[in-house]
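All values below were derived from every heavy atom in this structure, side-chain atoms included, with hydrogens, water molecules and symmetry-related copies excluded.
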Amino acid sequence: MENIERKRLAVLVGCNYPNTRNELHGCINDVLAMRDTLVSRFGFDPSDIQLLTDAAAADAGSGGSSSVLPTGANIKKALGEMVDQAKPGDVLYFHYSGHGTRIPSLKPGNPFRQDEAIVPCDFNLITDVDFRQLVNRLPKGASFTILSDSCHSGGLIDKEKEQIGPSHVTETSNKSSSISSKPKAIPCETILHHLSSLTGINTSDIATHLLELFAADASLKFRLPPLEVLDMFESSKPDEGILLSGCQANETSADVTNVVMPGGKPCGAFSNAVQMVLKDHEVELSNKKLVLLARQVLKEQGFEQHPCLYCNDENADATFLPQSQE
C-alpha cells in the first residue's frame, strides 16, 4: 500500500507561573526538549509546532522563547486551529507541562465526583469537557495525542477508555528518592481564592467567577447547560483521542527542581521519563509500551506517580506519533 503523507501538527505548552507562589521550574524545559524530539525523531516541521510558554512573563524584555502566553483562551485557540486544519491521516500532538487541578463535577447524578482540568497561566481552567469536544471535532482517520505532565491528569479526555490506569496492576516504589521535587497541582480552594480576589464576588461556585472573568473564553463545562454537556458524550463509539497522563487522577506529578536528573536541568518527572525511554529505544514504540516503560523509569527513580493511557483498543497498540500510514 502506498504511504500517505501525513501532516504533523503540534501545540506545546509550558507554564512555570514565574514570580508567583505556584512557581514551577521545569515545565518550559519539558516542552523545549519535546520540540527538539518532535523535529529530530518524529519528522515534524518546526513551522508546524506552536510553542506557548510564560517565559516572557518572567522577563518581558528578554524576548523569551514564545511571544504567545499560555492563557486559557490562547491555548484553546491554538488547539482549535490545529484540529480545524486536520485532515484524515494527520497526526496531532499536544504536550502540556504545568499545574493541574480537580474541580467539583457539574454532571447530574455525580455530587461527590471531581473532574480534571489544567491550569493555564491566567487560571482560566481548561477542562475534560474541552478536550472531549476537541476530540469529537477530529476528522475520521486523524489522531490526536495528548501528553499531560500535570497533577490529576488521568481522565483528562472525558469518557476515554482506560488502557493503563488505576485498575492496572502496579507496584509502588520501595526506593526513597533523593530528588527534590514539587507537586504540579493547585488545589481547587486556592484557585477559588485567587479568582474571588479578582471578581470580588462572594461565592464558592467556581463557574460564577470564571464566567465573570472570561465570559465566552471560559470552559464549555461552565458555559453549557449540564444536559448539553452530557449530550456531547452520548456516543460511545471509539475515537482517535489518545491521552498519556503523568499520573492517575488521584495522584500528583512531580516538577523536579534539583539537577541530579539526566541533563542537569529542572524538568517534569514524566516528561523526562518519556525522553529517557525514547533515547533508549530507537525503534518505534506503541503508546502502551511507552507508558509502561515510563512507569518503570519513574519507579526506579523513586517517584510515587503512575502514568496512565486512555484511548481505544486499537490505539493502545498503535505507534506513538507514527510516521507512515499504519
What orientation do H194 and F123 show, parallel under 30°, tilted 30 to 60°, or perpendicular over 60°? tilted

Hey, quick one: are I201 and I206 part of the same hydrophobic cluster, counting side-chain heavy atoms closer than 4.5 Å, chains of contacts allowed? no

4.5 Å side-chain heavy-atom contact, T319 and L285: no

Show the nearest heavy-atom pair for residues A86 and L92, with the distance to one decimal. CB-CD1, 3.8 Å

Does some side-chain heavy atom of T101 sit less than 4.5 Å from a side-chain heavy atom of I103? yes

D217 with K77: basic N within carboxylate O range, under 4.0 Å: no

I need the S97 OG to L24 CG distance, nearest 0.5 Å. 7.5 Å

Taking salt bridge (Lys or Arg N to Asp or Glu O under 4.0 Å) as the cut-off, I'd like each qualifying pair that reaches into residues 12-25, sequence neighbours left out, listed once. none

Does L79 reach the side chain of F131, with side-chain heavy atoms less than 4.5 Å apart? yes

Measure the acute angle between the ring planes of Y17 and H99, then classify it against the limits of 30° and 60° as parallel, tilted or perpendicular. tilted

Donor-acceptor pair, distance only, cut-off 3.5 Å: does the side chain of D158 make one with the backbone of R132? no

Between N29 and P266 (side chain of the first, backbone of the second, donor and acceptor by atom type, cut-off under 3.5 Å), is there such a pair? yes

I'd like to know if the side chain of N124 reaches the main chain of T71, judged simply by a donor and an acceptor atom lying under 3.5 Å from each other, with no hydrogens or angles considered. no

Under 3.5 Å, side chain of N287 to main-chain N/O of N315, donor-acceptor pair present? yes

Does D239 reach the side chain of F144, with side-chain heavy atoms less than 4.5 Å apart? no

CG of D130 to CZ of F222, rounded to nearest 0.5 Å, is 8.5 Å

Closest heavy-atom contact between Q305 and A254? OE1-N, 2.9 Å

Under the 3.5 angstrom rule, does the side chain of R8 hit a backbone N or O of D45 as a donor-acceptor pair? no

Mind checking whether V274 and M34 have side chains closer than 4.5 Å, heavy atoms only? yes

What residue pairs, at least two apart or across chains, pass salt bridge (Lys or Arg N to Asp or Glu O under 4.0 Å) with a residue in residues 266-278? none

Side-chain touch Y93/I146, heavy atoms, less than 4.5 angstrom: no

Does atom CG of N202 have more than 12 heavy-atom neighbours from other groups under 6.0 Å away? no

S148 to I118 - nearest heavy-atom pair and separation: OG-CG2, 4.0 Å

Give a yes or no on whether the backbone of C121 and the side-chain of D54 come within a donor-acceptor separation of less than 3.5 Å. no

Verify side chain to side chain contact (heavy atoms under 4.5 Å, CB included) between V256 and F303, making sure each step is shown before the conclusion. CA-CA 10 Å; V256 183; F303 289 105; 3.7 Å; yes

I need the L69 CG to T53 OG1 distance, nearest 0.5 Å. 7.5 Å

Checking the side chain of D90 only, and the main-chain atoms of K87 only, is there a donor and an acceptor separated by less than 3.5 Å? yes

Look up atom OG in S245 and atom CZ in F270, then write down how far apart they are to the nearest 0.5 Å. 6.5 Å

Please walk me through it: do D317 and K288 pass side chain to side chain contact (heavy atoms under 4.5 Å, CB included)? CA-CA 6 Å; D317 295 317; K288 192 171 188 177; 4.2 Å; yes

Within the structure provided, determine whether L290 and L244 are in side-chain contact (heavy-atom separation under 4.5 Å). yes

Under the criterion side chain to side chain contact (heavy atoms under 4.5 Å, CB included), I'd like the reasoning laid out for I75 against V11: C-alpha separation, chi angles, the key distance, then a yes or no. CA-CA 8 Å; I75 295 170; V11 173; 5.5 Å; no

Can D149 and K184 be counted as an ion pair, charged N to O under 4.0 angstrom? yes

Side chain Q133, main chain L220, donor-acceptor under 3.5 Å: no

How many angstroms lie between atom CG of L243 and atom CD1 of I157, to the nearest 0.5 angstrom? 5.0 Å

To the nearest 0.5 Å, tell me how far C311 SG sits from I164 CD1. 8.5 Å

Please check this pair: side chain of R102 against backbone of C151, looking for a donor-acceptor N/O pair closer than 3.5 Å. no

Expected output: side-chain Q301 to main-chain L298 donor-acceptor under 3.5 Å: no

Worked verdict on K221 versus D115 for salt bridge (Lys or Arg N to Asp or Glu O under 4.0 Å): CA-CA 10 Å; K221 182 186 289 286; D115 293 333; 2.9 Å; yes

Pair H95, T145: side-chain N/O donor-acceptor within cut-off below 3.5 Å: no

Are F42 and F320 close enough that their ring centers fall under 6.0 Å? yes

Shortest non-hydrogen contact between P183 and T252, atoms and distance: CB-CB, 3.9 Å

Are D30 and R35 close enough for a salt bridge, meaning some N to O gap below 4.0 Å? no

Does any non-hydrogen side-chain atom of C27 lie less than 4.5 Å from one of D255? yes

With side chain to side chain contact (heavy atoms under 4.5 Å, CB included) as the test, would you mind laying out the steps for T199 and T208 before giving the verdict? CA-CA 9 Å; T199 64; T208 299; over 6 Å; no

What one should report as the nearest heavy-atom pair of E160 and V135 is OE1-CG1, 4.5 Å

S150 and G100: which non-hydrogen atoms are nearest, and at how many Å? CB-N, 3.9 Å

